[in-house]
Amino acid sequence: MKYPIYIVSKGRWENHQTAKFFKEDGVDFLVVVEPQEYDLYCKHIGEQYILKTDFSNLGQGSYPARNFAWEHSIKNGHERHWIFDDNIRGIRRVQNGKKIPCKTQTAIECVEEFTDRYINLHISGFNYGTFVVPGTSDKKPFYLNCHVYSALLIKNNMPYRWRMKYNEDVDLCLQVLDNGYCTALFNVFIID
(Lines give C-alpha, C1' and ligand atoms only; values in the text may rest on other atoms or scores of the structure.)
Protein backbone atom coordinates (compact mmCIF):
# COMPACT_ATOMS: atom_id res chain seq x y z
CA MET A 1 0.00 0.00 0.00
CA LYS A 2 1.18 3.45 -0.88
CA TYR A 3 -0.68 5.63 1.62
CA PRO A 4 -1.08 5.53 5.41
CA ILE A 5 -4.28 4.13 6.88
CA TYR A 6 -5.99 5.69 9.87
CA ILE A 7 -8.98 4.41 11.83
CA VAL A 8 -10.78 6.97 13.96
CA SER A 9 -12.20 5.43 17.13
CA LYS A 10 -13.62 6.37 20.51
CA GLY A 11 -15.02 4.08 23.19
CA ARG A 12 -14.67 0.90 21.13
CA TRP A 13 -11.40 -0.61 22.35
CA GLU A 14 -13.15 -3.95 23.00
CA ASN A 15 -15.09 -3.94 19.72
CA HIS A 16 -12.54 -2.83 17.13
CA GLN A 17 -13.89 -4.46 13.97
CA THR A 18 -11.83 -2.57 11.38
CA ALA A 19 -8.56 -3.01 13.29
CA LYS A 20 -9.33 -6.70 13.74
CA PHE A 21 -9.71 -7.50 10.04
CA PHE A 22 -6.75 -5.29 9.12
CA LYS A 23 -4.56 -7.24 11.55
CA GLU A 24 -5.85 -10.55 10.18
CA ASP A 25 -4.94 -9.42 6.64
CA GLY A 26 -1.53 -8.02 7.66
CA VAL A 27 -2.44 -4.40 6.83
CA ASP A 28 -0.50 -1.65 8.60
CA PHE A 29 -2.70 1.03 10.21
CA LEU A 30 -3.00 3.51 13.06
CA VAL A 31 -6.05 3.90 15.29
CA VAL A 32 -6.47 7.56 16.24
CA VAL A 33 -7.60 7.79 19.87
CA GLU A 34 -7.88 10.39 22.61
CA PRO A 35 -5.39 10.36 25.53
CA GLN A 36 -7.88 9.13 28.15
CA GLU A 37 -8.45 5.92 26.14
CA TYR A 38 -4.89 5.38 24.93
CA ASP A 39 -3.96 2.65 27.44
CA LEU A 40 -7.19 0.71 26.81
CA TYR A 41 -6.63 0.72 23.05
CA CYS A 42 -2.98 -0.28 23.49
CA LYS A 43 -4.03 -3.21 25.66
CA HIS A 44 -6.70 -4.49 23.24
CA ILE A 45 -5.14 -3.71 19.83
CA GLY A 46 -1.40 -3.20 20.44
CA GLU A 47 0.63 -0.08 21.15
CA GLN A 48 2.27 -0.09 17.70
CA TYR A 49 -1.18 0.49 16.15
CA ILE A 50 -2.24 3.46 18.29
CA LEU A 51 -1.83 7.18 17.55
CA LYS A 52 -2.76 9.48 20.45
CA THR A 53 -4.31 12.87 19.81
CA ASP A 54 -3.32 15.95 21.78
CA PHE A 55 -6.95 16.74 22.79
CA SER A 56 -9.77 14.97 24.57
CA ASN A 57 -13.55 15.11 24.98
CA LEU A 58 -14.12 18.15 22.78
CA GLY A 59 -17.74 17.17 22.20
CA GLN A 60 -17.41 17.76 18.45
CA GLY A 61 -17.75 14.23 17.13
CA SER A 62 -14.98 12.56 15.15
CA TYR A 63 -13.93 15.44 12.92
CA PRO A 64 -11.08 16.74 15.16
CA ALA A 65 -9.52 13.23 15.18
CA ARG A 66 -9.98 12.98 11.40
CA ASN A 67 -8.16 16.30 10.94
CA PHE A 68 -5.46 15.13 13.38
CA ALA A 69 -4.85 12.08 11.16
CA TRP A 70 -4.79 14.30 8.06
CA GLU A 71 -2.11 16.55 9.57
CA HIS A 72 -0.13 13.50 10.75
CA SER A 73 -0.11 12.21 7.17
CA ILE A 74 1.07 15.57 5.83
CA LYS A 75 3.84 15.80 8.46
CA ASN A 76 5.07 12.41 7.30
CA GLY A 77 5.27 13.54 3.67
CA HIS A 78 2.34 11.63 2.17
CA GLU A 79 0.32 12.83 -0.82
CA ARG A 80 -2.87 11.07 0.33
CA HIS A 81 -4.19 9.17 3.34
CA TRP A 82 -6.97 6.71 4.17
CA ILE A 83 -9.58 7.29 6.87
CA PHE A 84 -11.67 4.29 7.93
CA ASP A 85 -14.53 4.13 10.40
CA ASP A 86 -13.97 1.66 13.24
CA ASN A 87 -17.02 -0.55 12.58
CA ILE A 88 -16.12 -2.14 9.23
CA ARG A 89 -16.04 -5.96 9.24
CA GLY A 90 -14.26 -6.56 5.95
CA ILE A 91 -13.77 -5.83 2.27
CA ARG A 92 -15.19 -7.94 -0.52
CA ARG A 93 -14.85 -7.99 -4.29
CA VAL A 94 -17.88 -7.98 -6.58
CA GLN A 95 -17.60 -10.32 -9.55
CA ASN A 96 -20.26 -11.94 -11.73
CA GLY A 97 -23.01 -10.86 -9.36
CA LYS A 98 -21.31 -12.33 -6.28
CA LYS A 99 -19.71 -10.66 -3.27
CA ILE A 100 -16.48 -12.57 -2.67
CA PRO A 101 -14.04 -12.12 0.24
CA CYS A 102 -10.73 -10.66 -0.92
CA LYS A 103 -7.46 -9.52 0.54
CA THR A 104 -7.73 -6.05 1.99
CA GLN A 105 -4.33 -5.04 0.65
CA THR A 106 -5.35 -5.89 -2.93
CA ALA A 107 -8.53 -3.82 -2.71
CA ILE A 108 -6.74 -0.83 -1.19
CA GLU A 109 -3.93 -0.94 -3.75
CA CYS A 110 -6.42 -1.08 -6.65
CA VAL A 111 -8.25 2.03 -5.41
CA GLU A 112 -4.94 3.82 -4.83
CA GLU A 113 -3.65 2.98 -8.32
CA PHE A 114 -6.88 4.12 -9.99
CA THR A 115 -7.08 7.32 -7.92
CA ASP A 116 -3.48 8.29 -8.65
CA ARG A 117 -4.21 8.34 -12.39
CA TYR A 118 -6.27 11.52 -12.09
CA ILE A 119 -5.13 14.91 -10.82
CA ASN A 120 -8.68 16.12 -10.09
CA LEU A 121 -9.84 13.06 -8.12
CA HIS A 122 -9.56 14.25 -4.52
CA ILE A 123 -11.63 11.66 -2.63
CA SER A 124 -12.27 8.03 -3.47
CA GLY A 125 -13.39 5.02 -1.51
CA PHE A 126 -15.41 1.84 -1.17
CA ASN A 127 -19.17 1.50 -1.43
CA TYR A 128 -21.11 -0.35 1.26
CA GLY A 129 -22.07 -3.91 0.37
CA THR A 130 -25.70 -3.22 1.28
CA PHE A 131 -25.87 -0.59 -1.48
CA VAL A 132 -24.44 -2.83 -4.20
CA VAL A 133 -27.18 -5.13 -5.53
CA PRO A 134 -25.86 -7.98 -7.71
CA GLY A 135 -27.20 -7.75 -11.24
CA THR A 136 -28.15 -4.08 -11.00
CA SER A 137 -25.90 -1.55 -9.25
CA ASP A 138 -22.79 -3.72 -9.68
CA LYS A 139 -22.81 -3.14 -13.46
CA LYS A 140 -20.78 0.05 -12.98
CA PRO A 141 -17.34 -0.38 -11.41
CA PHE A 142 -17.53 3.09 -9.80
CA TYR A 143 -19.63 6.23 -9.54
CA LEU A 144 -18.18 9.70 -10.03
CA ASN A 145 -19.04 12.82 -8.05
CA CYS A 146 -21.04 11.30 -5.27
CA HIS A 147 -20.92 10.85 -1.51
CA VAL A 148 -17.99 8.73 -0.27
CA TYR A 149 -18.24 7.52 3.31
CA SER A 150 -16.67 5.29 5.98
CA ALA A 151 -13.55 4.37 3.95
CA LEU A 152 -12.03 7.36 2.17
CA LEU A 153 -8.77 7.96 0.32
CA ILE A 154 -8.16 11.71 0.62
CA LYS A 155 -5.77 14.00 -1.22
CA ASN A 156 -3.73 15.83 1.43
CA ASN A 157 -3.11 19.16 -0.29
CA MET A 158 -6.77 20.17 -0.45
CA PRO A 159 -7.68 23.41 1.36
CA TYR A 160 -10.78 21.75 2.86
CA ARG A 161 -11.00 19.92 6.18
CA TRP A 162 -13.46 17.94 8.25
CA ARG A 163 -15.67 20.43 10.07
CA MET A 164 -18.99 18.97 11.21
CA LYS A 165 -20.06 16.85 14.17
CA TYR A 166 -22.60 14.91 12.10
CA ASN A 167 -22.56 13.94 8.42
CA GLU A 168 -18.97 15.12 8.20
CA ASP A 169 -18.29 12.87 5.21
CA VAL A 170 -21.17 14.44 3.26
CA ASP A 171 -19.83 17.90 4.09
CA LEU A 172 -16.27 17.07 2.99
CA CYS A 173 -17.47 15.58 -0.30
CA LEU A 174 -19.67 18.63 -0.94
CA GLN A 175 -16.71 20.95 -0.30
CA VAL A 176 -14.68 19.03 -2.90
CA LEU A 177 -17.47 18.90 -5.49
CA ASP A 178 -18.46 22.53 -5.00
CA ASN A 179 -14.92 23.57 -5.89
CA GLY A 180 -14.78 21.63 -9.14
CA TYR A 181 -12.96 18.48 -8.07
CA CYS A 182 -14.13 14.88 -8.27
CA THR A 183 -15.00 12.02 -5.96
CA ALA A 184 -15.26 8.32 -6.86
CA LEU A 185 -17.17 5.55 -5.08
CA PHE A 186 -16.11 2.01 -6.04
CA ASN A 187 -18.51 -0.89 -6.54
CA VAL A 188 -15.81 -3.37 -7.55
CA PHE A 189 -14.61 -3.56 -3.94
CA ILE A 190 -17.12 -3.06 -1.13
CA ILE A 191 -17.08 -2.78 2.65
CA ASP A 192 -19.31 -4.59 5.12
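This one's a predicted model, so the numbers in the text were calculated from it and none came from an experiment.
Salt-bridge check for Asp86 with Lys10: failed, with every basic side-chain N at 4.0 Å or more from each acidic carboxylate O. For the pair Glu168 and Arg66, the salt-bridge criterion is met [side-chain N within less than 4.0 Å of a carboxylate O]. Lys103 has no carboxylate O lying under 4.0 Å from a charged side-chain N of Glu24, or vice versa, which leaves the two without a salt bridge. Ion pairing of Asp192 with Lys99 is absent here, as no side-chain N (NZ or NE/NH1/NH2) approaches a carboxylate O to less than 4.0 Å. A salt bridge links Glu113 and Arg117; the closest N-O separation between the charged side-chain nitrogens and carboxylate oxygens is under 4.0 Å.
For an aromatic pair to be called close, the ring centres must be under 6.0 Å apart, and Trp82 with Phe126 satisfies this. For Phe114 and Phe186, the gap between ring centers is short of 6.0 Å. Aromatic pair Phe29/Phe84: centroids not less than 6.0 angstrom apart.
Between Leu30 atom CG and Ser9 atom OG the span is 13.0 Å, to the nearest 0.5 Å. Going from atom OG1 of Thr104 over to atom CD1 of Ile191 covers 11.5 Å, rounded to the nearest 0.5 Å. With rounding to the nearest 0.5 Å, the separation of CG in Asn145 from SG in Cys173 is 10.0 Å. Lys52 contributes atom NZ, which lies 10.5 Å from atom CD of Gln36 (distance to the nearest 0.5 angstrom). To the nearest 0.5 Å, atom CD of residue Glu112 and atom CZ of residue Arg80 are 9.0 Å apart. Between the NE2 atom in His16 and the CG atom in Leu40 there is a gap of 11.5 Å [rounded to 0.5 Å].
With hydrogens and angles ignored, the 3.5 Å screen pairs a side-chain donor or acceptor of Thr18 with a backbone N or O of Ile88. In this structure, Lys165 contributes its side chain and Gly59 its backbone to a donor-acceptor pair below 3.5 Å. Checked by atom type and distance alone, the side chain of Tyr41 pairs as donor or acceptor with a backbone atom of Gly11 at under 3.5 Å.
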Practice problem: Starting from the C-alpha separation in whole Å, work towards a yes-or-no answer on side-chain contact (heavy atoms from CB on, under 4.5 Å) for Lys155 and Glu79. | Solution: CA-CA 6 Å; Lys155 189 168 183 133; Glu79 182 182 336; 4.3 Å; yes

Quiz item: Step by step, would you call Tyr149 with Asp85 a side chain to side chain donor-acceptor pair (under 3.5 Å)?
Solution: CA-CA 9 Å; Tyr149 38 87; Asp85 288 353; over 6 Å; no

Practice problem: Report the C-alpha distance between Ile190 and Val94 in whole Å, list the side-chain angles of each, state the deciding distance to 0.1 Å, and finish with yes or no for side-chain contact (heavy atoms from CB on, under 4.5 Å). | Solution: CA-CA 7 Å; Ile190 56 174; Val94 178; 3.8 Å; yes

Exercise. Kindly determine whether Val32 and Ile7 satisfy side-chain contact (heavy atoms from CB on, under 4.5 Å), including the steps that lead there.
Key: CA-CA 6 Å; Val32 182; Ile7 303 168; over 6 Å; no

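Screening Asp116, Val111, Asn156, Ile108 for a side chain to side chain contact (heavy atoms under 4.5 Å, CB included) involving Tyr3 leaves a single residue, Asp116.
In this structure, the side chains of Ile91 and Cys102 come closer than 4.5 Å at one or more pairs of heavy atoms. At least one side-chain heavy atom of Ile154 sits under 4.5 Å from a side-chain heavy atom of Trp70. By the 4.5 Å heavy-atom criterion applied to side chains, Ser150 and Tyr128 are counted as neighbours. Side-chain contact between Tyr181 and Leu121 is absent, with no heavy-atom pair separated by less than 4.5 Å. Ile45 has its side chain out of reach of Trp13: every pair of non-hydrogen atoms, C-beta onward, lies at least 4.5 Å apart. Proximity of Asp169 to Val148: side-chain heavy atoms (C-beta onward) are nowhere separated by under 4.5 Å. Within the 4.5 Å cutoff, side-chain heavy atoms of Ile123 are placed close to those of Met158.
Heavy-atom neighbours of Lys23 NZ from other residues, nucleotides or ligands within 6.0 Å: above the threshold of 12. Taking a 6.0 Å sphere around CD of Gln48, one finds it holds more than 12 heavy atoms contributed by other residues, nucleotides or ligands. Other residues, nucleotides and ligands place more than 12 heavy atoms under 6.0 Å from the OH atom of Tyr63. Atom CD1 of Ile119 is surrounded by 12 or fewer heavy atoms from other residues, nucleotides or ligands within 6.0 Å.
When all heavy atoms of Asp28 and Met1 are compared, the pair lying nearest together is N-CE, 4.3 Å. When every heavy atom of Thr115 is checked against every heavy atom of Ser124, the shortest pair comes out as OG1-OG, 2.7 Å. Annotation for Cys110 and Phe189: closest pair CB-CE1, 3.6 Å, computed over non-hydrogen atoms. Shortest non-hydrogen contact noted between Leu185 and Cys146 is CB-SG, 3.5 Å. Shown here for Asn187 and Val132, the closest heavy-atom pair between the two residues is OD1-CG2, 3.3 Å. Looking at every heavy atom in both residues, His81 comes nearest to Ser73 through CB-OG, 3.3 Å.
Between His72 and Phe68, the angle of the ring planes stays under 30°, which puts this pair in the parallel group of the 30/60° scheme.
Note: the hydrophobic cluster containing Met164 does not contain Phe55 (ILVMFWY, side chain heavy atoms under 4.5 Å, direct or indirect links). Put simply, Leu144 and Phe131 are part of the same group of oily side chains (I, L, V, M, F, W, Y) that touch within less than 4.5 Å, one to the next. Note on Leu58: it clusters hydrophobically with Leu51, by side-chain heavy-atom contacts below 4.5 Å among ILVMFWY residues. Cluster membership check: Leu153 shares its hydrophobic cluster with Ile74, using side-chain heavy-atom separations under 4.5 Å among Ile, Leu, Val, Met, Phe, Trp and Tyr. Residues Trp162 and Leu174 do not share a hydrophobic cluster, defined by chaining ILVMFWY side chains whose heavy atoms lie under 4.5 Å apart.
With 3.5 Å as the limit, one finds no donor-acceptor pair spanning the side chains of Gln105 and Asp25. Side-chain contact check for Tyr38 and Glu47: at least one donor-acceptor pair (N or O, by modelled atom type) lies under 3.5 Å. Using modelled atom types, one finds a donor on one side chain and an acceptor on the other under 3.5 Å when comparing Gln175 with Asp171.
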